[in-house]
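These notes are about the structure you will find just below.
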Amino acid sequence: MVNVERDVVLDKLRNIGIAAHIDAGKTTLTERILFFTGKSHKIGEVHDGNATMDWMVQEQERGITITSAATTCFWGDNNINIIDTPGHVDFTVEVERSLRVLDGMVAVFCSVGGVQPQSETVWRQAEKYEVPRICFINKMDRVGADYDRVVQMMVDNLHARPVMLNYPIGSEDQFHGLIDLVKNEEVHFVDEAGTRSEVRPIAPERAAKAAELREKLLEIASEADDWLIEKYLETGDLSVSEITAAIRKLTLEGKRVPVLCGSAFKNKGVQQLLDAVVSFLPSPLDVGAVSGTDPKTGDEIKLNPSPEEPFAALAFKVQTDPFVGKLTYLRIYSGKLLPGSYVLNSTKDKRERIGRIMQMHANSRSDLDGATAGDIVGAIGLKYTKTGDTLCNEDKAIVLENIVFPEPVIFVAIEPKTKSDSDRLSSSLEKLSDEDPTFQYRTDQETSQTIISGMGELHLEIICDRLMREFNVQSNVGKPQVAYRESIKDPAKAEGKFIRQTGGRGQYGHCILEIAPVARGEGSSFESKVVGGRIPKEYIPSIEKGIKEAFATGIMAGYPVVDVKVAVLDGSFHPVDSSDIAFQIAASYAVKDAFRAGSPVILEPIMDVEVEVPEVNMGDTIADLSGRRGKIEKIEATKNNIQLIKALVPLSEMFGYSTALRSLTQGRGIYSMQFFMYSEVPKLIFDALIADRSKS
C-alpha cells in the first residue's frame with residue numbers, strides 16, 4: 001500500500017497519453033517504455049497476444065487496442081502516468097476522454113504510412129483540449145521508412161510546426177543510430193536488441209547534414225526569447241540547457257512540436273523519447289489552475305494543482321471489473337482523496353463514498369491509502385458517478401467542464417436467445433453503456449426490440465462479443481442499420497387542436513406553431529412567442545414536451561428529428577378542460593402537420609473514407625466507390641506505387657466494404673473511415689425509406 005503522505009513533487013510528474021492511427025505501434029511503444037523504466041521485466045508483444053496493456057481477450061485476438069489502459073512508471077526521479085489509447089476510429093471515445101484529463105501527448109506516426117486518417121483525428125482532439133505534444137516517428141526499420149516525408153506530412157496535413165530533435169542514421173534494415181541535434185552528437189545502437197547504445201562524435205560523412213539541421217534547431221529555439229535571439233546572432237550557438245528550456249517553452253505554448261524517431265519493436269529510440277517526455281511535456285504545475293463553475297451561482301472557480309486546495313476530480317472512465325465491480329477512473333486536479341471519505345458528485349448533486357483507491361497497471365491494481373493533486377487513480381464504491389462527472393468537497397462545490405461525445409451512427413437489433421438471457425441483457429447493456437458513452441441502447445416502442453447503437457460495425461461486434469463472454473448473455477443480432485435523421489428545408493406553420501368531451505370534465509388544448517430549419521449540426525430548439533396570456537405559462541412546458549416526444553420518434557420514417565427550431569405563436573385554453581396532456585397532444589398534432597408542410601428530408605451519415613490500393617487496382621476501386629454513391633475528393637500517389645483515394649461515401653453503402661476491397665485488390669487494399677457529416681438522401685432513397693416505414 002502506498003502512503004498518501006509520500007513526497008508529492010508535482011514538477012516531476014507527467015500525465016501523458018500515447019495516441020495514433022491503428023497499427024502505428026502505440027502499444028508496442030508503451031510495452032518498451034514499461035520495460036526500460038523497470039515496470040515490467042519481460043517485453044509483451046502485440047502479435048503474440050501477451051502485451052501488458054492489451055489485456056482484453058478481444059484485444060489479444062485481434063491484435064488491436066480497444067480500451068484505453070492506464071499505468072504508472074518512473075524514469076529517473078520522474079513519475080510518468082501513461083494512458084495507451086486505441087487507434088481504431090470506432091473507439092475514438094477512449095482517446096477523447098483520455099485527452100480531456102491528460103497534460104501531454106505522444107503522437108506516434110508510422111515512418112511508412114505517415115500521417116494517416118486517425119492520426120488527424122487524434123491531432124484535432126489534442127488541439128481541442130490544447131494538449132502539448134511530442135511526435136515519435138516509429139518503425140524506422142521498416143521497408144519504405146522515410147523520416148523527412150513524415151515530417152513534411154505533419155506540416156501539410158496537420159498544419160503542425162515540427163522541430164526535429166534527432167535524425168535517423170540510416171533507415172530500413174540499415175537503421176542503426178540517431179543524430180542528437182540538441183547535444184550535437186551521435187547515438188549508435190550497438191546490439192541487435194537495441195538496449196545498449198554508445199555516444200560518438202558526428203561522423204564526417206554526416207557533418208554537413210547535421211550542421212544544417214542543428215542550425216534550423218537553433219533558429220527555432222531562439223524564437224522562445226529575445227535574449228536568445230541576441231545570443232544566437234552574436235555567438236552562433238546556444239548551450240544544451242538553453243536549447244532544452246527554449247524548446248520546452250515553445251512546446252508548452254503550443255507553438256512548436258518536437259519530433260523524434262526510432263523503432264519501438266527493435267527497442268531503438270525509446271530512451272531518448274522518455275528523456276523528451278520529461279524535458280518537454282508539462283507537469284501539472286505547468287498546466288496551472290483548473291477552471292470550473294459554482295453549481296449554485298454559475299460563477300467561475302479556479303483551483304491550483306496543490307494538495308492544500310479543496311478536492312476536485314473528474315471521472316473520465318467507468319469500467320466493470322469482474323473482481324471489484326464498478327471501477328471509476330479519476331484525474332485529481334487539486335486537494336487530497338482518502339479511502340472511506342465522502343465526496344460530492346456536483347454534476348448530479350449526489351453524495352458518494354470512496355471505498356478504495358487503486359493505482360492501475362492495465363487490468364491489475366494495487367491499493368493506495370490516498371491520492372493527491374495530479375494523480376490518475378481508480379476508485380471503487382461510487383454508485384452514481386458516470387463519465388464526465390465532477391467529484392469535489394461537499395462544502396466547496398465545483399463543476400468541471402464535461403466531456404462531449406459524438407452521436408452513434410450505426411445500430412442493430414439484438415434479441416436474447418432464452419428467458420435467462422433476457423433477464424441479464426438489460427443490466428449488462430446498462431453496464432456497457434456506463435463504460436462507453438458512445439454506446440447506447442433503447443427499446444423500440446413499436447416492435448419492442450432492443451436496439452443497440454455505436455460508432456461502427458467493429459464497435460458493435462466487440463459489444464456483442466463482450467455480452468457473450470463477460471456477461472454470459474447469448475443473443476441474436478440483426479443486420480447493421482444506418483442512424484438516419486429527419487429534418488426540413490422550408491419554414492412552415494400549423495395549428496393543433498385536441499378537444500374531447502366525455503360527459504364530465506373534458507380535454508382542451510390548442511396551439512399554433514411555426515417550424516424552421518437551422519444549419520446542419522446546430523441541433524433543435526424551442527421558444528415561446530405567446531403574448532397576452534393566450535396560453536397560460538404553465539402549459540408551455542407541456543407543449544415543448546409534446547414536440548420533443550414527436551421529434552424523438554420521428555415523423556416521416558421513424559428517425560429522430562434534428563436541426564429545426566420551433567416557436568409556439570398562439571393558441572387558446574379552456575379554464576376547466578385544459579390540461580398538460582391536452583396541450584402535449586395538441587402540440588404533437590401541430591408539429592407533425594408543420595413538419596410535413598416544411599419540405600421534409602431524411603439525412604444520412606456521410607463517411608470520410610481513405611483507401612490505399614496498388615496502382616493497378618486504382619480504376620476498379622474508384623469505380624466501386626462511385627457505384628456506392630461516393631464522391632471522390634482526392635487521389636494522390638504515395639510510396640511503392642500505392643495510391644491513396646479520399647472519398648465521401650454514405651455509411652449505408654459501406655457495409656461489407658472490407659470484403660469487397662479484399663476481392664478487388666487480392667487482399668492488398670486497406671481502408672479507414674470516420675464520420676464526416678449528415679447530408680440529405682436522394683429522392684429515390686427517401687421514398688424507399690418512407691415505404692419501408694409504412695410496411696413495418
Side-chain angles (χ1 to χ4, degrees), residues 14 16 18 20 24-26 28-39 43 73-78 80 82 104-111 132-142 145 147-148 150-151 154 162-171 174-203 206 209-210 213-214 216-217 220-221 239-241 243-248 250-251 256-282:
R14 301 290 182 272
I16 66 165
I18 298 184
K26 298 176 303 301
T28 300
L29 176 61
T30 309
E31 294 295 321
R32 269 51 183 187
I33 289 173
L34 295 179
F35 175 73
F36 280 115
T37 58
K39 183 72 177 183
I43 298 175
C73 57
F74 288 86
W75 185 241
D77 58 352
N78 296 277
I80 305 175
I82 301 172
M105 182 179 95
V106 177
V108 183
F109 298 92
C110 172
S111 63
R133 279 139 279 167
I134 58 178
C135 299
F136 183 71
I137 298 177
N138 193 22
K139 303 189 178 184
M140 284 303 304
D141 58 317
R142 282 269 304 274
Y147 180 80
D148 291 308
V150 180
V151 173
M154 290 179 197
V163 49
M164 296 183 196
L165 300 185
N166 58 30
Y167 194 82
I169 299 174
S171 64
Q174 296 301 308
F175 174 61
H176 54 80
L178 304 164
I179 301 174
D180 186 331
L181 299 172
V182 177
K183 296 180 180 176
N184 203 24
E185 61 191 20
E186 292 185 353
V187 178
H188 287 259
F189 305 108
V190 295
D191 64 338
E192 191 60 34
T195 54
R196 291 194 303 114
S197 61
E198 63 180 40
V199 175
R200 301 175 191 169
I202 304 286
R206 289 183 286 272
K209 181 68 174 177
L213 293 171
R214 193 161 195 273
K216 286 183 183 176
L217 173 63
I220 291 169
S239 69
V240 170
S241 60
I243 296 170
T244 304
I247 298 299
R248 176 179 176 78
L250 293 170
T251 304
R256 287 288 177 173
V257 183
V259 181
L260 302 98
C261 65
S263 168
F265 183 60
K266 297 288 179 66
N267 309 319
K268 296 175 179 177
V270 179
Q271 290 155 305
Q272 288 75 18
L273 176 65
L274 281 165
D275 289 338
V277 165
V278 170
S279 297
F280 304 114
L281 289 183

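- At distances below 3.5 Å, not a single donor-acceptor pair connects side-chain atoms of Arg200 with backbone N or O atoms of Val187.
- Within a 6.0 Å sphere centred on NZ of Lys209, other residues, nucleotides and ligands contribute more than 12 heavy atoms.
- Annotation for Val182 and Arg214: closest pair O-NH2, 3.1 Å, computed over non-hydrogen atoms.
- Under a 3.5 Å cut-off, the side chain of Lys268 and the backbone N or O of Phe175 do form a donor-acceptor pair.
- For the pair Ser111 (side chain) and Ile137 (backbone), a donor-acceptor distance under 3.5 Å is absent.
- Of the inter-residue distances, the one linking Lys216 atom NZ with Leu181 atom CG reads 10.5 Å to the nearest 0.5 angstrom.
- Atom CZ of residue Phe280 and atom CG of residue Leu250 lie 10.5 Å apart, to the nearest 0.5 angstrom.
- Within the 3.5 Å criterion, the main-chain N or O of Phe36 finds no donor-acceptor partner in the side chain of Gln271.
- Judged purely by atom type and a 3.5 angstrom limit, Asn138 has no side-chain atom pairing as donor or acceptor with the backbone of Val108.
- Closest approach of Asn184 to Ile202, counting heavy atoms only: O-CG1, 3.8 Å.
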Run the side chain to side chain contact (heavy atoms under 4.5 Å, CB included) test on Asp148 and Tyr167 for me, step by step, so that the C-alpha distance in whole Å, both residues' side-chain angles and the decisive distance to 0.1 Å come before the verdict.
CA-CA 9 Å; Asp148 291 308; Tyr167 194 82; 2.6 Å; yes

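- In this structure the side chain of Tyr147 never reaches within 4.5 angstrom of the side chain of Ser171, judged on heavy atoms.
- Within the model, atoms CD of Gln174 and CE of Met140 stand 12.0 Å from one another, a figure rounded to the nearest 0.5 Å.
- With Arg14 contributing its side chain and Ile80 its backbone, the two residues share no donor-acceptor pair below 3.5 Å.
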Show the numbers, then the answer: is there a side chain to side chain contact (heavy atoms under 4.5 Å, CB included) between Asn78 and Val277?
CA-CA 10 Å; Asn78 296 277; Val277 165; over 6 Å; no

